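First comes the structure, then the notes that go with it.
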Amino acid sequence: RLEDGTLLAVFDYRSDGEGEDTRIGGVNSKDDGRSWSPVKRLKITDRTGSPVRARHADVLPLSDGRVRLYFTTDAPKTRRAGDEKPTLACVIRSAIARDGGRYRVEPETGMRFHDLPDAFASVVGFKSRTHLYVSPGVQTRADKDDKADNSVRHAIARDGRRFARVTPIDVEDGVSIDSIVSLDDTLRAYGTSEKGIRSMVSDDGAKWKLEPGLRLPGASDPAVTRLKDGSFLMLLVSPADRETVEAPPLLTVSEPSDD
């Protein structure tokens, strides 16, 4: 939710006639999610103006009206000693724009994960710090024979760009951290589990406790924000959406409560 109340949603998509590459699309809403603008591909460029291939984005509105976008991109292939094939790795980067326009990559941010071919970044501002959480992609989480590290990587920055890595987070039941909402002195994160969407809470951003029950069974990839009236809006992927790209994302709204 931007400073003027506009909702901005970003997501992976593939548009007709533009090849098979995954791109980042965006839509906005002026009426708290009851209607949305047409999908528009986000333009992300480096310092030379060349387009950047990006996926799995999250956004962080800044106090000056600009928007910082965090996203995943492929790292150059490298070969470690003893490896027969080059190691697949990904990089989490950031780009900045005003009013959701053209995004320019910030050279300061470039966190490489040698053990992750794909990853999803989620970010939140909390107590004068920016917390970045990096959940392994589906390919890594499913690789049980290789005993892959499914922990959520955690990094903290004062300026939102220069991150220091801290202790990874082992979330119970392998729940990812897909979206985070700041609630005064606490954080609530929403993530995907095998049975559906779950939530967890933290008072410091480092230690998380799963809340009981499912928020929505069978659903995945939640994105949550708090509206002006105190209720919560969730965008998510429903079970039917996994079978067809034409199905729209499901929107759910929870009423304000005293909890």
Side-chain angles (χ1 to χ4, degrees), residues 1-16 18 22-44 54-72 94-104 120-126 130 133 160 176-184 187-192 196-199 215-216 218-242 244-257:
R1 184 162 61 87
L2 305 182
E3 289 293 323
D4 65 358
T6 299
L7 300 182
L8 172 64
V10 296
F11 44 85
D12 292 348
Y13 88 112
R14 292 178 181 176
S15 58
D16 294 337
E18 295 191 41
T22 297
R23 304 173 186 273
I24 297 175
V27 294
N28 62 66
S29 173
K30 301 289 187 179
D31 55 11
D32 278 351
R34 289 184 290 273
S35 64
W36 295 86
S37 68
V39 177
K40 182 179 179 181
R41 180 166 65 89
L42 271 58
K43 297 180 179 179
I44 306 171
R55 61 187 183 275
H56 312 335
D58 195 12
V59 291
L60 183 67
L62 305 180
S63 59
D64 61 3
R66 296 182 299 169
V67 177
R68 180 168 280 132
L69 183 84
Y70 294 85
F71 59 89
T72 303
S94 68
I96 201 161
R98 184 172 296 278
D99 300 326
R102 184 184 297 272
Y103 288 84
R104 183 65 60 88
F120 294 77
S122 298
V123 65
V124 66
F126 185 61
T130 300
Y133 302 90
S176 59
I177 295 181
D178 297 329
S179 182
I180 313 153
V181 177
S182 180
L183 305 172
D184 298 324
L187 295 172
R188 176 177 286 134
Y190 299 82
T192 303
I197 293 173
R198 299 198 63 178
S199 63
R215 304 290 73 79
L216 278 173
S220 63
D221 302 316
V224 181
T225 191
R226 197 168 194 179
L227 304 178
K228 292 180 180 180
D229 64 0
S231 62
F232 295 81
L233 176 70
M234 177 187 290
L235 304 183
L236 55 103
V237 176
S238 70
D241 296 332
R242 296 186 177 278
T244 172
V245 296
E246 285 77 18
L250 177 65
L251 280 66
T252 61
V253 178
S254 67
E255 296 298 328
S257 68

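The shown structure was predicted, so the numbers you read here are calculated from the model rather than taken from an experiment. Each residue takes its place number in the sequence, starting with 1.
Remark: of the listed residues L233, L2, D31, L233 is the sole one forming a side-chain contact (heavy atoms from CB on, under 4.5 Å) with L7.
Every residue two or more places apart in sequence or in another chain that forms a side chain to side chain donor-acceptor pair (under 3.5 Å) with S94 is listed here: E106, T109.
Not one N or O on the side chain of S179 forms a donor-acceptor pair closer than 3.5 Å with the backbone of Y190. Here the side chain of T130 pairs no donor or acceptor atom with the backbone of G125 at under 3.5 angstrom. The backbone N or O of R226 lies less than 3.5 Å from a partner atom in the side chain of R1, making a donor-acceptor pair. For D178 (side chain) and T192 (main-chain N/O), a donor-acceptor pair under 3.5 Å exists by modelled atom type.
The CG atom of D12 lies 8.5 Å from the CZ atom of R55; values are rounded to the nearest 0.5 Å. Distance check, rounded to the nearest 0.5 Å: CD of E3 to OG of S63 gives 7.0 Å. In this structure, the separation between CG on L60 and CG on L69 is 10.5 Å, given to the nearest 0.5 Å.
For the pair S122 and I180, the tightest heavy-atom approach, listed with the atom from each and the gap, is CB-CD1, 4.0 Å. Residue G25 comes nearest to L42 through the heavy atom pair C-CD1, 3.6 Å, listed as atom of the first residue, atom of the second, then distance.
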Worked verdict on I96 versus L62 for side-chain contact (heavy atoms from CB on, under 4.5 Å): CA-CA 10 Å; I96 201 161; L62 305 180; 3.5 Å; yes

